[in-house]
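Below is one structure, written out as structure tokens; the observations come after it.
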Amino acid sequence: MHPTTRRPILAGNWKMHLDLAAGLALASEIRNRCSRLRSVDVVVAPVALAVYPIAQRLADSHIGVAAQNCHYAARGAFTGELAPSQIKDAGAGYVVIGHSERRQFFGETDEGVGKKVRAALDAALVPIACIGETLAEREANRTLEVVTRQLDAAVAAVSKDEAPTVVIAYEPVWAIGTGRTATPAQAQEVHAAIRARLGERFGRDVAERIRLQYGGSVKADNIAALMSEADIDGALVGGASLEAESFISIVTQTAELAQGRPS
Ligand code: PGA
């Protein structure tokens, strides 16, 4: 059972999908049907250009908005990039950092992810830092080694006081967009290792407060089993977050499970 101190967090990663009208409609639907659910944090991550209008649409709700990436510098000559403070300015409260698609296609490095996490905290954004092994790494029994290396780099510049703010998303690359979810037991094994490592770095009490999301083919029909694992505190949802019904079902089921916990 999760300690009640860890409030589940569900984030919809819309990636490079949805035009503005569709994003606004989806945001409205989520706001209308999830705002009364107070036991979970709900976040949507639209394309950067839609962060401002979506944040406006959600302004009277507790639904958060995330950007999908940021630069690590506070300002400067970095054509095409977004500073964390500019993302904050547009109304976002969160930023996804180091998603495997960015690592795979856009050359993101472990070190860069650490710098971006630091920059996000400096701008008072909640970083959702993504880590996860490829299929080849899993098959070579290197999962924990890879995840630990990525984790250490992601939180390298985070202080003990800041650590509980950070969200870590464990997303095995082989489970993203493939329909192949890690089993709850496989995910829990890695989540427990992540929490243990965070405990070595920040102390056990702090590690117990850090939220660990699972991501990779999360759907309405597997969220409950995933959330029943002790160290899974939410989900980063791709494909299933693009449809109101599936995302709202994921949120609603998680909220019901959270409410059912002993206080
Ligand atoms: P998926 O994507 O749910 O479509 O597998 C998850 C993610 O990439 O964050």
Side-chain angles (χ1 to χ4, degrees), residues 8-18 22-23 26-27 30 40-48 50-51 54 63-70 92 94-108 113 116-117 120 125-135 137-138 143 146-147 150-151 154 166-184 186-187 190-191 194 211-227 229 232-254:
I9 176 165
L10 300 157
N13 175 10
W14 295 355
K15 307 191 180 183
M16 203 173 70
H17 297 294
L18 304 180
L26 181 54
I30 294 168
V40 290
D41 287 338
V42 181
V43 180
V44 295
V47 290
V51 163
I54 299 267
I63 315 273
V65 180
Q68 299 173 10
N69 178 35
C70 65
Y94 301 78
V95 58
V96 178
I97 295 173
H99 188 279
S100 68
E101 286 150 17
R102 297 214 52 87
R103 293 177 188 260
Q104 210 177 328
F105 305 127
F106 303 101
E108 294 247 1
V113 170
K116 290 180 178 194
V117 167
L125 287 172
V126 172
I128 300 177
C130 303
I131 58 179
E133 82 287 1
T134 63
L135 184 59
E137 288 162 344
R138 175 162 283 263
T143 297
V146 169
V147 165
Q150 293 175 339
L151 176 68
V166 175
V167 176
I168 303 291
Y170 167 59
E171 299 203 301
V173 178
W174 49 272
I176 295 177
T178 58
R180 192 175 157 193
T181 331
T183 63
Q186 279 175 323
V190 181
H191 280 231
I194 292 170
R211 294 180 296 178
L212 309 181
Q213 291 180 316
Y214 169 78
S217 298
V218 173
K219 305 265 181 305
D221 64 8
N222 59 25
I223 185 68
L226 288 161
M227 285 305 300
E229 295 292 345
I232 300 182
D233 311 312
L236 183 54
V237 186
S241 73
L242 297 172
E243 297 279 343
E245 290 312 319
S246 52
F247 188 64
I248 292 166
S249 172
I250 288 167
V251 170
T252 310
Q253 290 182 59
T254 306

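Here the structure is a predicted model, which is why all the values come from computation and not from measurement. Counting convention: from 1, in listed order, for ligands and their atoms alike.
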Does any N or O atom in [X] lie less than 3.5 angstrom from one in ligand 1, N or O only?
X    : value
G216 : no
G238 : yes
G215 : no

Inset, instruction - Would you please classify the geometry between the Y170 ring and the H191 ring as parallel, tilted or perpendicular, with 30° and 60° separating the classes? - result: perpendicular
Those atoms of ligand 1 less than 4.0 Å from some heavy atom in [X]:
X    : answer
A175 : 5 (O)
S217 : 1 (P), 3 (O), 5 (O)
G177 : 1 (P), 4 (O), 5 (O)
H99  : 7 (C), 8 (O), 9 (O)

Legend entry - Check: V96 and C130 side chains under 4.5 Å, non-hydrogen atoms: yes
Inset, instruction - With atom 9 (O) of ligand 1 as the reference point, say which of K219, R180, E171, Q213 has the nearest heavy atom. - result: E171
Legend entry - side-chain hydrogen bond (donor to acceptor under 3.5 Å, both in side chains), paired with N69, selected from E101, H99, K116: K116
Legend entry - Option among I168, V167, V190, I9 that satisfies the side chain to side chain contact (heavy atoms under 4.5 Å, CB included) test with L212: I168
Inset, instruction - Check the pair V173, R103 against side-chain contact (heavy atoms from CB on, under 4.5 Å), reporting the backbone distance first and the verdict last. - result: CA-CA 10 Å; V173 178; R103 293 177 188 260; over 6 Å; no
Inset, instruction - Have a look at ligand 1 and work out which part of I176, if any, has a heavy atom under 4.0 Å from it: side chain, backbone, both or neither. - result: both
Legend entry - Which segment of A169 sits under 4.0 Å of ligand 1 when only heavy atoms are counted: neither
Inset, instruction - Evaluate the criterion side-chain contact (heavy atoms from CB on, under 4.5 Å) for residue pair I194 and I131; output intermediate values, then yes/no. - result: CA-CA 10 Å; I194 292 170; I131 58 179; 3.8 Å; yes
Legend entry - Interatomic distance, N13 atom CG to E171 atom CD [nearest 0.5 angstrom]: 7.0 Å
Legend entry - Closest protein heavy atom to atom 4 (O) of ligand 1, given as residue, atom name and distance to 0.1 Å: G239 N, 2.8 Å
Inset, instruction - Verify the neighbour count for atom CD of E243: are there more than 12 heavy atoms of other residues, nucleotides or ligands below 6.0 Å? - result: no
